[in-house]
Engineer: 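I am attaching a structure below and will ask some questions about it afterwards.
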Amino acid sequence: MSFRILGTGKSVPSYVLTNDEMATIVDTSDEWIRTRTGIRERRVCTTESLSDLTTEASKLALEDAGVSPEELDLIICATFRGEYCSPAQSCIVQRNIGATCPAFDVNAACSGFIYSLDVAAGFFARKTVKKVLVVAADNVTNSVDWEDRSTCVLFGDGCGAAVLGEGDDLLSVNLKTKGDLDSLVIPHGENTFPKYELGSQRPTLRMNGREVYKFAVGAMSEGLEKAIRDAGVEQEDINFVIPHQANIRIIDAARHKLHIPEDRYVCNIDRYGNTSAASVPIALDEINRAGKLKNGDLIAMSAFGAGLTSASCVLRWNK
Ligand code: COA
């Protein structure tokens, strides 16, 4: 027994930061960002808190699932940094939605949603839960250096959520970690409004873009290949691939190593940039709400991030 997905939700901040506005903050251009990453704009928390986003996405996922907060047996929040060191972000969600179940956070950076699905699957396998909320959110723009054009243009804020019930629809999952302190590091720092301030001295995200790029292409192509093989299906059988939305060139490079037609890849990077743990569940919610998913469809998901972590899985849609 693993689980089936009963409902999904998402929440993104209202402020749209376009590439043109980004070019007024750092020395960059819409053309550079679009051609090197596929990003046109991203959402940035200006008035919203991480708790606002996680609460709203969770409520929408519960509504979509037809599940009440009291029915939840567990809440897992995937985030690299909740609004407080403690309590965990999941505890704040529990309080805000009126649930009473246990709650804890999982930190696997951008891979956190898939890691959390696998953690949830363990609870279902032990038959200790019937309904689980997995909510994935990061306020990355609060951790970036707004004077570093090589990183700040890449990220956005957001949250995605899924409510899980009993079922057998997680067909395979593989998690990987390669402990690394050089390629991508997000130090502890202040976590206060305003969400981005020019000239602030707080510790910020540091990244070796080329190293992460190389890691990402291999992690995504090999991870998807293995997950699909382990699920006992063929690549051609996959109806939707939901890749982590970090860079369209990473998605394209991984795609070229696989045998899944391009139109099956779900991409919204142009509108949101890299929203870290929220990236995969936001895309899942968008195709769910657009009515694109049919029961029996096979969805392959793949993500990578700081850690370095990576995770891939295959799910059957059976809502
Ligand atoms: N605008 C304009 N120029 C920029 C720029 C920006 N926002 N950022 C970097 N540049 C410049 C660099 O300074 C460099 O100039 P130089 O040649 O004069 O030194 C040039 O563009 C090329 O830089 P480079 O780092 O080689 O670009 P790239 O094609 O490798 O793309 C990334 C950079 C970051 C987009 C790419 O490496 C990447 O996506 N890496 C993975 C990052 C990632 O996914 N991280 C999150 C993981 S969860």
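Counting convention: from 1, in listed order, for ligands and their atoms alike.
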Engineer: Does R36, backbone or side chain, put an N or O under 3.5 Å from an N or O of ligand 1?
Structural biologist: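 Between R36 and ligand 1, an N or O pair is found under 3.5 Å apart.
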Engineer: Measure from atom 32 (C) of ligand 1 to the protein's non-hydrogen atoms and state whether any distance is below 4.0 Å.
Structural biologist: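 Answer no: nothing from the protein, no heavy atom, is under 4.0 Å.
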Engineer: Under a 4.0 angstrom heavy-atom cut-off, which atoms of ligand 1 come close to I250?
Structural biologist: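 Matching atoms, with element in brackets: 41 (C), 44 (O).
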Engineer: Suppose I only count heavy atoms of T28 and a 4.0 Å limit; which atoms of ligand 1 are within that range?
Structural biologist: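 Within the 4.0 Å cut-off of T28, ligand 1 contributes 1 (N), 2 (C), 6 (C), 7 (N).
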Engineer: Would you say the side-chain atoms of S29 and E31 include a donor-acceptor pair closer than 3.5 Å?
Structural biologist: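 Their side chains do not contain a donor-acceptor pair, so the 3.5 Å distance test is not met.
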Engineer: Do any heavy atoms of H244 fall under 4.0 Å from ligand 1?
Structural biologist: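 It does; at least one heavy atom falls under 4.0 Å.
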Engineer: Provide, to 0.1 Å, the distance between atom 45 (N) of ligand 1 and the closest protein heavy atom, together with that atom's residue and name.
Structural biologist: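 So the nearest neighbour among protein heavy atoms is M207 SD, 3.1 Å.
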Engineer: Looking at E166 and R4, does any basic side-chain N land under 4.0 Å from a carboxylate oxygen?
Structural biologist: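 No salt bridge links E166 with R4.
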Engineer: Taking everything shown except R289 itself, do over 12 heavy atoms lie less than 6.0 Å from its CZ?
Structural biologist: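 Check passes, neighbour count above 12.
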Engineer: Should you measure from each heavy atom of C110, which atoms of ligand 1 turn up under 4.0 Å away?
Structural biologist: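 Contacts of ligand 1 toward C110, numbered from 1: 48 (S).
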Engineer: Should you measure from each heavy atom of R249, which atoms of ligand 1 turn up under 4.0 Å away?
Structural biologist: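 Those of ligand 1 that fall under 4.0 Å from R249 are 29 (O), 31 (O).
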Engineer: Ignoring hydrogens and geometry beyond distance, is a side-chain donor-acceptor pair present between S51 and Q89 at under 3.5 Å?
Structural biologist: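 A pair is found: one side chain offers a donor N or O, the other an acceptor, under 3.5 Å apart.
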Engineer: Which one of D148, V212, I248 has a non-hydrogen atom at the shortest distance from atom 43 (C) of ligand 1?
Structural biologist: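 The residue whose heavy atom sits nearest atom 43 (C) of ligand 1 is V212.
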Engineer: Starting from atom 26 (O) of ligand 1, locate the nearest protein heavy atom and write down its residue, its atom name and how far away it is, to 0.1 Å.
Structural biologist: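 The protein heavy atom lying closest is R210 NH2, 2.5 Å.
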Engineer: Does a salt bridge link E21 with R42, judged by any charged N lying under 4.0 Å from a carboxylate O?
Structural biologist: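 No, this pair does not count.
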Engineer: T141 and W146: which non-hydrogen atoms are nearest, and at how many Å?
Structural biologist: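 Closest heavy-atom pair between T141 and W146: O-NE1, 2.9 Å.
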Engineer: Measuring from non-hydrogen atoms of A216 to any atom of ligand 1, is the shortest distance under 4.0 Å?
Structural biologist: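 The answer is no: ligand 1 sits nowhere under 4.0 Å from a heavy atom of A216.
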Engineer: Report the relative orientation of the aromatic rings in F304 and F215; use parallel for angles under 30°, tilted for 30 to 60°, perpendicular for over 60°.
Structural biologist: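 The rings of F304 and F215 stand perpendicular, inter-plane angle above 60°.
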Engineer: Verify the neighbour count for atom CZ of R210: are there more than 12 heavy atoms of other residues, nucleotides or ligands below 6.0 Å?
Structural biologist: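 No, CZ of R210 has 12 or fewer neighbouring heavy atoms, counting only those of other groups under 6.0 Å.
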Engineer: More than 12 non-hydrogen atoms from neighbouring residues, nucleotides or ligands closer than 6.0 Å to NZ on K319, yes or no?
Structural biologist: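 Enclosed.
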Engineer: Say whether D285 and T8, considering side chains only, have a donor N or O and an acceptor N or O under 3.5 Å apart.
Structural biologist: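 D285 vs T8: donor-acceptor pair found between side chains.
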Engineer: Is there a donor-acceptor contact under 3.5 Å linking the side chains of N208 and S183?
Structural biologist: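 Looking only at side-chain atoms, S183 and N208 do not form any donor-acceptor pair under 3.5 Å.
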Engineer: Polar-atom distance check: G209 versus ligand 1, any N or O pair below 3.5 Å?
Structural biologist: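 Yes, at least one N or O pair falls under 3.5 Å.
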Engineer: Protein heavy-atom contact under 4.0 Å for atom 19 (O) of ligand 1?
Structural biologist: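 Within 4.0 Å of atom 19 (O) of ligand 1, no protein heavy atoms are found.
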Engineer: Is there a donor in the side chain of D64 and an acceptor in the side chain of N288, or the other way round, less than 3.5 Å apart?
Structural biologist: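 N288 and D64 do have a side-chain donor-acceptor pair below 3.5 Å.
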Engineer: Hey, does N247 come in under 3.5 Å of ligand 1, counting only N/O atoms on both sides?
Structural biologist: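 Between N247 and ligand 1, an N or O pair is found under 3.5 Å apart.
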Engineer: Does some non-hydrogen atom of T151 fall short of 4.0 Å from ligand 1?
Structural biologist: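 Outside the 4.0 Å threshold, so no.
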Engineer: Number the atoms of ligand 1 from 1 as they appear, then name those within less than 4.0 Å of a heavy atom of N274, with their elements.
Structural biologist: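 Reading through ligand 1 atom by atom, the close ones are 46 (C), 48 (S).
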Engineer: Taking 4.0 angstrom as the limit and counting only heavy atoms of A246, give me the atoms of ligand 1 inside it, by number and element.
Structural biologist: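 Once the distances to A246 are compared, the set is 44 (O).
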Engineer: Show the nearest heavy-atom pair for residues A57 and C159, with the distance to one decimal.
Structural biologist: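 In this case the closest contact between A57 and C159 is CB-SG, 3.5 Å.
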Engineer: Please state which protein non-hydrogen atom is closest to atom 7 (N) of ligand 1 and give its distance, to 0.1 Å?
Structural biologist: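 The answer is R149 O, 2.9 Å.
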Engineer: Check each of F304, F215, Y213, W32 against atom 21 (O) of ligand 1 and report the one with the nearest heavy atom.
Structural biologist: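 The residue whose heavy atom sits nearest atom 21 (O) of ligand 1 is W32.
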Engineer: For G305, take its heavy atoms, then give the atoms of ligand 1 lying under 4.0 Å from any of them.
Structural biologist: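 The list of qualifying atoms is 48 (S).
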Engineer: What I want to find out is whether E286 reaches K10 closely enough, with some N-O distance under 4.0 Å, to be called a salt bridge.
Structural biologist: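 Salt bridge present between E286 and K10.
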Engineer: How does V153 reach ligand 1, by side chain, by backbone, by both or by neither, if only non-hydrogen atoms under 4.0 Å count?
Structural biologist: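 Answer for V153: side chain.
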Engineer: Is any heavy atom of the protein nearer than 4.0 Å to atom 13 (O) of ligand 1?
Structural biologist: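 Within 4.0 Å: yes, protein heavy atom nearby.
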Engineer: Checking contacts now, so for atom 24 (P) of ligand 1, which I'm interested in, is there any protein heavy atom under 4.0 Å?
Structural biologist: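 Looking at atom 24 (P) of ligand 1, one finds that a protein heavy atom does lie closer than 4.0 Å.
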